[in-house]
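Shown next, in structure tokens, is the structure this report addresses.
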There are 2 protein chains.
Amino acid sequence: MPTSAERGRHVRARLLQAAAELVAEQGWNAVSTRMVAERAGVAPGLVHYHFASLPALLTEAAVQVMEGVVDGAAHGLSQARTAAQALELMLADLDRYPGDDPASRLVSEAMLASGRDEGLRTAMAGLLERFRARLGDRLAAQGVPDPRGTAAVLAAALDGMMLHRSLDPELTSTAVAPVLGRLLQDGTPGTAQEGHP
Amino acid sequence: MPTSAERGRHVRARLLQAAAELVAEQGWNAVSTRMVAERAGVAPGLVHYHFASLPALLTEAAVQVMEGVVDGAAHGLSQARTAAQALELMLADLDRYPGDDPASRLVSEAMLASGRDEGLRTAMAGLLERFRARLGDRLAAQGVPDPRGTAAVLAAALDGMMLHRSLDPELTSTAVAPVLGRLLQDGTPGTAQEGHP
DNA sequence: CCTGGGTTTGGGCAATCGCCCAAGGCGAAC
DNA sequence: GTTCGCCTTGGGCGATTGCCCAAACCCAGG
């Protein structure tokens, strides 16, 4: 028999999940408290009992989902034994998040909303930094030149391709794999200029 | 002395510009007809005289701005004489659109809104295709391998870095230049796998 | 049985929303 | 001077918004 406090925590979790779904479907600032309550199957007033405000609910919901995405990608990455394998695993993630699925949209919506919400911005910057660090460590272990800078560019490229994919479904992982493979090669002196701080 | 039709066109143009500014500042679906009218300095009712609906106004405003961005970048690109120069020009554009400026935000907002607006989606897909084609032609003329695929990845990487830059200001053009430079080198057989359709 | 604290309900508040429309302003054509 | 057509105004419509709150509810502890 669950105590009332436990039932309350369950309702809170359902509100968070409903909020994450709706942000992905309707857009960050098209989500209303009543929509969230309806999808969660509770009365409208409950939203402001469990959360201080609507932005606070959306921010907590987005951060929760994105932590799962980053940790999932980083965990898969830790099993790679070569640079090519790491790239292959990252592109598998690109297929898991095609750009028009709920998780991808949630991330994109949060990225834009972070420009107007300071708390969300710092939370997301922390997540990005964590992902870069793990990816950079993996690249360094494989002897990739400038692992830290390469990780930053690679992370950005993945995010960008996620966005572009919804405009061009042919931007598949097999299409971009040979191009990105060049990123992981040794730099040929003279062609690439120096200057990374 | 401007005729009334000419004054009408001028008001229409002001509404478009006000809409573009507000989408960048407040987000796609946080813009209201009354906000646009106020910034344009006209009565609220005028919005629905010049435009069929609010989404129609926002879509036309966004497409207009993005055409300018793409044409500007493509035009600058056409002056490059080497692959390294082309990369340099593209990174200069990255500095022009740091990710938290009005134009960058407008593009990002439109990219997300395109998932919920069919007309906007096709318009943006056309713009992306146009930019890729020009970039691909330029890369092909410099002997870059797989110019078409490289252009697609490069365009996505630029968009992604634009987004990441607002989370990490240190992601400057000088930081990523040496990394991206490797993309333009000849592929070393054996390291990059085949498979581009 | 009763009391107390956490949870839940549903309605109320003022504000804002997209869209509409009757009415007026105003230069061009006659 | 009168008529015509485009442009413009400001208010009104019903619906929806975030947030609030009095009251009911539920269950464990005394």
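Sequence lines set the chain letters: A, B, ... in the order given, protein chains first and strands last, and positions in each chain run from 1.
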Nearest-Å distance for atom pair CZ/P, residues B/Phe51 and C/dC20: 15 Å
Between C1' of C/dG18 and CH2 of B/Trp28, the distance in whole Å: 16 Å
Separation of D/dG10 P from B/Arg34 CZ (nearest whole Å): 13 Å
Separation of C/dC19 C1' from B/Met35 CE (nearest whole Å): 17 Å
Sugar-phosphate, base or nothing in reach of A/Val36, heavy atoms under 4.0 Å: nothing
Rounded interatomic separation in angstrom, taking CD from B/Gln26 and C1' from C/dT16: 14 Å
Validation: residues 57-70 of chain A side-chain donor-acceptor distances under 3.5 Å, sequence neighbours left out:
{"unit_1": "A/Thr59", "atom_1": "OG1", "unit_2": "A/Pro55", "atom_2": "O", "d": "2.9"}
{"unit_1": "A/Glu60", "atom_1": "OE1", "unit_2": "A/Arg12", "atom_2": "NH2", "d": "3.2"}
{"unit_1": "A/Glu60", "atom_1": "OE2", "unit_2": "A/Arg12", "atom_2": "NH2", "d": "2.1"}

Under-4.0 Å side-chain N/O to phosphate OP1/OP2 contact, B/His50 with D/dT8: yes
Touch class at under 4.0 angstrom, heavy-atom based, for A/Val47 against every strand present: nothing
Nucleotide nearest B/His48 (side chain, heavy atoms from C-beta), chosen from C/dG10, C/dG18, D/dT8: C/dG18
Side-chain heavy atoms of B/Leu15 within contact of B/Arg39, under 4.5 Å: no
side-chain N/O A/Tyr49 vs C/dT8 OP1/OP2, d < 4.0 Å: no
Distance in angstrom units between A/Leu22 CG and D/dG18 C1', rounded: 16 Å
Residue whose closest nucleotide on DNA chain C lies nearer the 5' end, B/Ala30 versus A/Val11: A/Val11
Minimum-distance nucleotide (side-chain atoms of B/Leu54 versus D/dT9, C/dT8, C/dC19): C/dC19
Pair B/Arg182-A/Thr150, side-chain donor/acceptor within less than 3.5 Å: yes
Residue B/Ser53, side-chain heavy atoms: nucleotide from D/dT9, D/dT17, C/dC19 that is nearest: C/dC19
Nucleotide nearest A/Val42 (side chain, heavy atoms from C-beta), chosen from C/dC19, D/dC19, C/dT9: C/dT9
Listed nucleotide nearest any side-chain atom of B/Ser32, set C/dT8, C/dG18, D/dT9: C/dG18
For atom CG of B/Leu46 and atom C1' of D/dC6, their distance in whole Å: 12 Å
Trace of the side-chain contact (heavy atoms from CB on, under 4.5 Å) decision for B/Met111 with A/Leu167: CA-CA 8 Å; B/Met111 194 123 33; A/Leu167 291 178; 4.0 Å; yes
Rounded interatomic separation in angstrom, taking CZ from B/Arg7 and P from C/dG25: 14 Å
Carboxylate-amine/guanidinium contact A/Arg165 A/Asp95, below 4.0 Å: yes
